[in-house]
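In what follows, a single structure is set out as structure tokens and then discussed.
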There are 2 protein chains.
Amino acid sequence: MGGSQLRRSLPIFSIGSVMQLTELSARQIRYYEEHELIFPQRTEGNRRLFSLNDIDRLLEIKELLEQGINLAGIKKLIEVVHQQETQAEVKQEEKAKRDLSEQELRKLLRNELMQAGKHRSSLRQGDMSRFFH
Amino acid sequence: MGGSQLRRSLPIFSIGSVMQLTELSARQIRYYEEHELIFPQRTEGNRRLFSLNDIDRLLEIKELLEQGINLAGIKKLIEVVHQQETQAEVKQEEKAKRDLSEQELRKLLRNELMQAGKHRSSLRQGDMSRFFH
DNA sequence: AAATAAATGTTAGGTTTTCTTACATTATTT
DNA sequence: AAATAATGTAAGAAAACCTAACATTTATTT
């Protein structure tokens, strides 16, 4: 499968949006980053930009915290699970994508969006929900 | 399909994100809003908040402009297509969803995001549970 | 009980982003 | 040549976000 991995790692959400989507405070989100549980990108002006993957991880962190696990434990868990994932064959494609330039990323994204119109009438929504799978 | 419609109308993107995703200038985006081609929400502080549907429409507008159609034409096109859509049976569900509270919206979205995590890259609840009993 | 540590709240001062409004520019159309 | 449509640009104000520091709460340890 093509750009789904790419889409989920696109850094596009402001911290305000993430707060709403996760019901976490800015303090909490920054704290988790400080402890290296998430690694949001930054804008030129140093504002944090979160991806869907970041949001998923934040929700995971929240849930595990509610289960009484502390940040150290959660961090270790994430590491372990991530290691397991590293033995997956999806890695090649991912790595290739990760090396693309910003420009190329946008082009790729746009092309994918454009192709969405093939399904329905040309004016029907391009399927942006592809960002969400 | 369940809350996909809901997800697509959640206002979460800043204008900066939309600029990157669409390669439109802020001026262009605001101009299209001024001419009632899109209707982004606002934050308490009056910042625009765009949904996936807004982004789709912006991409559509961009494409039609490049085909030489002017804004008036595009607006009419959108209206017509929207009318057609209004004769769809998806309407019931949508309307119901639209009446949900903010709280409920966030909960619903969160659930969906967790489900969407099927595509690896963050650990999921199911994945973690085997570590705890 | 007091001290420590972990997680989060709050405040302050500074920077970036977005807002509206107004005027300028570039093509097209009349 | 004048008018219109679409976009660029600049200015000043307000909102959102940044880091850093100190405060609070809760749980654990001594």
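Here is how names work: the chains are called A, B, and so on, in the same order as the sequence lines, proteins then strands, and each is numbered from 1.
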Extract all donor-acceptor atom pairs below 3.5 Å that involve side chains of residues 67-76 of chain B and protein atoms in other chains or at least two apart in sequence.
from	atom 1	to	atom 2	distance (Å)
B:Asn70	OD1	B:Ala72	N	3.4
B:Asn70	OD1	B:Gly73	N	2.9
B:Lys75	NZ	B:Glu36	OE1	3.2

For B:Ser17 and A:Asn70, find the nucleotide of DNA chain C closest to each by heavy atoms; which residue's nucleotide sits nearer the 5' end? A:Asn70
Does A:Arg42 put a side-chain nitrogen or oxygen below 4.0 Å from OP1 or OP2 of C:dT17? no
In whole Å, I'd like the distance from the CG atom of A:Leu58 to the P atom of C:dT8. 11 Å
Rounded to whole Å, the CG-C1' distance (A:Leu24 to C:dT8) equals 11 Å
If you restrict it to nitrogen or oxygen atoms, what contacts under 3.5 Å exist between nucleotides 24-30 of chain D and the protein, and what is each distance?
none

Value in whole Å for how far the C1' atom of D:dA6 lies from CG of B:Leu64: 15 Å
Distances under 3.5 Å between protein N/O atoms and the N/O atoms of nucleotides 11-16 of chain D, please, pair by pair.
from	atom 1	to	atom 2	distance (Å)
D:dA14	N3	B:Arg47	NH2	3.2
D:dA15	N3	B:Arg47	NH1	3.3
D:dA16	OP1	B:Thr43	OG1	2.9

Listed partners of B:Arg30 passing salt bridge (Lys or Arg N to Asp or Glu O under 4.0 Å), at least two apart: none
Does B:Ser51 offer a backbone N or O that forms a donor-acceptor pair with the side chain of B:Asp54 under 3.5 Å? yes
Results of salt bridge (Lys or Arg N to Asp or Glu O under 4.0 Å) for A:Arg47 - residues two or more places apart only: none
Answer yes or no: is there a side-chain heavy-atom contact under 4.5 Å between A:Leu59 and A:Glu63? no
Keeping B:Lys62 on the side-chain end and B:Leu24 on the backbone end, is there a donor-acceptor pair under 3.5 Å? no
Can you list the steps and then say if B:Leu49 with B:Leu10 is a side chain to side chain contact (heavy atoms under 4.5 Å, CB included)? CA-CA 9 Å; B:Leu49 283 182; B:Leu10 268 184; over 6 Å; no
In residues 27-38 of chain B, which ones come under 4.0 Å of DNA chain D, going by heavy atoms? B:Arg27, B:Gln28, B:Tyr31, B:Tyr32
Between the two ends of the helix from C:dA1-D:dT30 to C:dT30-D:dA1, what is the bend in degrees, rounded to 10 degrees, where each end axis spans five pairs? 20°
In whole Å, what is the span from the CE atom of B:Met19 to the P atom of C:dT17? 10 Å
Is there a side-chain contact between A:Arg48 and the phosphate of D:dC18, meaning an N or O under 4.0 Å from OP1 or OP2? yes
Contacts of B:Ser14 that satisfy side-chain contact (heavy atoms from CB on, under 4.5 Å) - sequence neighbours left out: B:Ser17
State, with a plain yes or no, whether a side-chain heavy atom of B:Ile61 is found less than 4.5 Å away from one of B:Ile38. yes
Measure NZ/A:Lys62 against C1'/C:dA7 and give the value in whole Å, please. 15 Å
Any ring-ring contact (aromatic ring centres under 6.0 Å, His included) involving residues 28-76 of chain B? Give me the pairs, sequence neighbours left out, ordered by first then second residue. B:Tyr31-B:His35
Just to verify, what does B:Ser25 make a side chain to side chain donor-acceptor pair (under 3.5 Å) with, not counting sequence neighbours? B:Gln28
Is there a side-chain contact between B:Ile29 and B:Ile15 (heavy atoms, below 4.5 Å)? yes
Excluding sequence neighbours, so at least two apart, what forms side chain to side chain donor-acceptor pair (under 3.5 Å) with A:Ser9? none
